[in-house]
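Okay, structure first, notes after.
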Amino acid sequence: MTEWKKENQSHKPPQWQQVSIDKYIQRKDIKKIVAKSEDGAEYITYECSSRFLTGQEYQEQKILSDMQDKIDEQGMSIIEMQSNIEFLVCIKDLEEKI
């Protein structure tokens, strides 16, 4: 696994990319950048951090990434449920005051 480095591309790069049989690129923090050329025309580039991985490292990192995505999704579900509960409590309090 190599160190993270900055990368710029003219198209949106994928988070995971296989470049050879046992070599992958992992990208993170992919950001769309709108810039202007010298003649004033706008153009879009993408900036991100990337690193190379072996096949084994790719498998490990992909599993960790997928697990983190699941945790994030479940965390959002918990936050949404908590908001709904708080809303229902507020409604109940209002009904009691009416």
Side-chain angles (χ1 to χ4, degrees):
M1 183 178 325
T2 61
E3 295 293 319
W4 290 102
K5 65 173 188 148
K6 291 289 181 191
E7 177 183 346
N8 290 299
Q9 292 196 19
S10 59
H11 62 282
K12 186 175 181 180
Q15 182 181 5
W16 303 98
Q17 181 180 5
Q18 185 174 12
V19 292
S20 67
I21 291 174
D22 193 43
K23 194 173 199 178
Y24 293 81
I25 298 174
Q26 178 186 14
R27 294 182 179 91
K28 67 177 185 176
D29 303 327
I30 300 170
K31 296 176 188 145
K32 180 179 179 179
I33 309 291
V34 178
K36 288 191 177 186
S37 63
E38 292 178 9
D39 64 0
E42 286 189 353
Y43 64 95
I44 296 171
T45 62
Y46 292 87
E47 178 181 282
C48 64
S49 297
S50 64
R51 65 181 175 184
F52 286 96
L53 306 169
T54 65
Q56 179 65 34
E57 292 167 335
Y58 164 77
Q59 293 295 328
E60 293 167 359
Q61 293 299 312
K62 185 76 169 100
I63 289 169
L64 290 173
S65 177
D66 290 348
M67 289 173 59
Q68 186 61 50
D69 290 346
K70 292 275 187 206
I71 290 169
D72 291 345
E73 287 173 17
Q74 291 175 357
M76 286 305 293
S77 294
I78 291 170
I79 290 169
E80 290 168 358
M81 287 177 12
Q82 183 178 6
S83 294
N84 289 340
I85 290 169
E86 290 171 357
F87 179 72
L88 292 172
V89 168
C90 287
I91 289 175
K92 183 179 178 191
D93 289 345
L94 286 173
E95 287 174 344
E96 289 174 359
K97 290 179 182 179
I98 294 178

Enumerate the salt bridge (Lys or Arg N to Asp or Glu O under 4.0 Å) contacts for residues 45-64, please, sequence neighbours excluded, ordered by first and then second residue. K62-D66
Under the ring pair (Phe, Tyr, Trp, His ring centres under 6.0 Å) rule, collect the residues that match up with Y58, sequence neighbours excluded. W16, Y24
To the nearest 0.5 angstrom, please state how far the OH atom of Y46 sits from the CD1 atom of I33. 10.0 Å
Could you note down all residue pairs passing salt bridge (Lys or Arg N to Asp or Glu O under 4.0 Å) where residues 30-45 supplies at least one of them, sequence neighbours left out? none
Does anything in residues 5-20 form a salt bridge (Lys or Arg N to Asp or Glu O under 4.0 Å)? List the pairs, not counting sequence neighbours. E7-R27
Please name all residues satisfying side chain to side chain contact (heavy atoms under 4.5 Å, CB included) with V19, sequence neighbours left out, ordered by chain then number. Q17, K23, I25, F52
Provide the closest heavy-atom pair for P13 versus I30 in the form atom of the first, atom of the second, distance. O-CD1, 3.5 Å
Set of ring pair (Phe, Tyr, Trp, His ring centres under 6.0 Å) partners for W4, sequence neighbours left out: none
Heavy atoms only: give me the nearest D29-S49 pair and the separation to one decimal. OD2-OG, 4.4 Å
